[in-house]
Protein chains: 2
Amino acid sequence: MSDDLASRLREKGLRLTPQRELILRAVEELRHATPDEVLVHVRAQASSVNASTVYRTLEVLEELGLVRHTHLSDRAPTYHSTLEHEHVHVVCRRCHSVRSYDPDLVAPLVAALGEDGFSVDVGHLAVFGTCADCAASSSRSPGIRETGRRGQPT
Amino acid sequence: MSDDLASRLREKGLRLTPQRELILRAVEELRHATPDEVLVHVRAQASSVNASTVYRTLEVLEELGLVRHTHLSDRAPTYHSTLEHEHVHVVCRRCHSVRSYDPDLVAPLVAALGEDGFSVDVGHLAVFGTCADCAASSSRSPGIRETGRRGQPT
DNA sequence: TTCAGTGCAAAGCGTTTGCAGGGTG
DNA sequence: CACCCTGCAAACGCTTTGCACTGAA
């Protein structure tokens with residue numbers, strides 16, 4: 001896995017640096033993290049790593065196919081390791097819970113679009129809506145605006 | 001439709017202003033527009049309207065159920081009128097084309113999640129991937145990065 | 001006449017970029 | 001010892017916010 005990093009970097013004439021190892025490890029450990037969360041996590045272990053390095057590295061790691069991202073909120077994107085099985089994200093706009101589903105969930109969608117020659121990026125998919133709990137108690141999650149300006153998923 | 005605006009505003013003790021009419025009309029006419037595009041369009045017709053008014057108004061219009069938004073790119077969100085039939089957006093990351101599909105497309109997905117008590121917001125859904133044309137000619141769309149930093153859909 | 005709505009300007013957040021110095025291969 | 005990578009700081013794009021004024025009801 002980290003060896004994977006080394007070899008994949010080499011293949012493209014890129015270099016293995018402590019920062020890149022740390023950032024990849026952070027994404028793997030956090031499982032779902034924004035660039036900023038990655039930064040915080042990395043800084044907790046090693047001393048100084050710069051925000052721009054995190055952005056640049058996440059881009060590289062994504063090109064290498066070691067991490068992926070989705071948009072689970074209106075703010076920062078969320079990165080996760082490709083070591084995890086590919087999954088579809090289902091997000092409740094009310095309580096902001098995120099559940100992961102097997103790609104089977106969207107097999108019919110993938111098939112239907114496939115007939116048009118369109119190939120769906122399943123891992124990137126985020127489905128928004130309202131979860132069971134929140135539908136039940138409409139008084140839940142105090143202070144979260146329905147239409148939501150800046151902040152959580154919209 | 002604009003009468004709709006007047007009445008819906010009144011119901012909530014809000015006021016009907018020229019800006020609100022203009023902005024709603026702009027969204028309807030542009031069919032799919034970012035806040036900035038709305039601003040430009042409105043300014044073309046009427047004189048000065050402020051950007052912050054556009055943001056505040058789009059929020060109000062969405063609360064009133066007159067417009068909706070999706071995220072078709074990493075940059076600004078896209079607004080459309082609810083007068084249009086609800087539709088699912090399918091976006092090619094390569095050439096950035098956007099196609100609208102009938103909600104039927106995701107009926108199985110909606111049904112599956114429905115069993116868990118989750119209610120999908122179909123109109124908000126954006127499916128990313130690669131369209132037939134782009135899959136065919138992998139040399140297409142010069143200068144567009146695959147992983148794409150800032151810019152189009154990611 | 002009241003209070004919602006607007007314009008303006010400044011701030012905020014997440015992200016990108018130019019550059020010079022540092023470290024990997 | 002090339003050249004990739006990093007840190008730093010400034011800039012950027014989009015959005016939000018505070019405030020005083022304006023105008024809809």
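In what follows, every chain begins at residue 1, and chains take the letters A, B, ... in the order their sequences are listed. Below, each value reflects all heavy atoms present in this structure, side chains not excepted, and no hydrogens, waters or symmetry copies.
Atom CD1 of A:Ile23 and atom C1' of D:dG7 are 12 Å apart (whole Å). Atoms CG (B:Leu58) and C1' (D:dT16) sit 14 Å apart, rounded to a whole Å. As rounded to whole Å, 11 Å separates atom P of D:dC5 from atom CG of A:Leu5. Rounded to an integer number of Å, the gap from A:His71 NE2 to C:dT15 C1' is 13 Å. Here C:dA4 presents its P atom at 16 Å from CG of B:Leu16, a figure rounded to the nearest Å. Atom pair B:Asp74:CG and C:dT15:P shows a separation of 9 Å (rounding to whole Å applied). Rounded to a whole Å, the NZ atom of A:Lys12 is 20 Å from the P atom of D:dC3. Between the CG atom of A:Leu39 and the P atom of C:dC13 there is a distance of 15 Å, given to the nearest Å.
The aromatic rings of B:His69 and B:His124 sit perpendicular to each other, their planes meeting at more than 60°, with 30° as the lower class boundary.
B:Ser48 comes within 4.0 angstrom of the backbone, heavy atoms only, and of no base. Backbone-only engagement by B:Pro77 is indicated by non-hydrogen atom pairs under 4.0 Å involving sugar-phosphate atoms exclusively. Within the 4.0 angstrom heavy-atom criterion, no nucleotide atom of any strand lies near B:Arg10.
Between B:Leu9 and B:Arg43, the residue whose closest nucleotide on DNA chain C is further toward the 5' end is B:Leu9. If you find the closest nucleotide of DNA chain D to B:Ala51 and to B:Leu14, the one lying nearer the 5' end belongs to B:Ala51.
Counted within 6.0 Å of CZ on A:Arg43, heavy atoms from surrounding residues, nucleotides or ligands total more than 12; the atom is thus considered enclosed.
A donor and an acceptor atom, one from each side chain of B:His41 and B:Glu37, are nowhere located under 3.5 Å apart.
Side-chain atoms of A:Thr57 and base atoms of D:dC5 include no donor and acceptor less than 3.5 Å apart. One donor-acceptor pair, N or O on each side, does fall under 3.5 Å between the base of D:dG7 and the side chain of A:Arg56.
A sub-4.0 Å separation between OP1 or OP2 of C:dT16 and a side-chain N or O of A:Tyr55 is absent. The phosphate of C:dT15 (OP1 or OP2) has no side-chain N or O of A:Ser52 nearer than 4.0 angstrom. Side-chain nitrogen and oxygen atoms of A:Arg15 include none within less than 4.0 Å of the OP1 or OP2 phosphate oxygen of C:dG23. Phosphate proximity of D:dT6 to A:Asn50: absent, as no side-chain N or O sits under 4.0 Å from OP1 or OP2. Taking 4.0 angstrom as the limit, B:Thr53 places none of its side-chain polar atoms (N or O) nearer than this to OP1 or OP2 of C:dT6. For D:dG13, neither phosphate oxygen OP1 nor OP2 lies less than 4.0 angstrom from any side-chain nitrogen or oxygen of B:Arg75.
Checking C:dT15, C:dG7, D:dG7 against the side-chain heavy atoms of A:Gln19 singles out D:dG7 as nearest.
A donor-acceptor distance shorter than 3.5 angstrom exists from the side chain of B:Arg20 to the backbone of B:Arg15, with no hydrogens or angles considered. No donor-acceptor distance shorter than 3.5 angstrom exists from the side chain of B:Glu21 to the backbone of B:Pro18, with no hydrogens or angles considered.
In this structure, the ring of B:His87 has its center no less than 6.0 angstrom from the ring center of B:His85.
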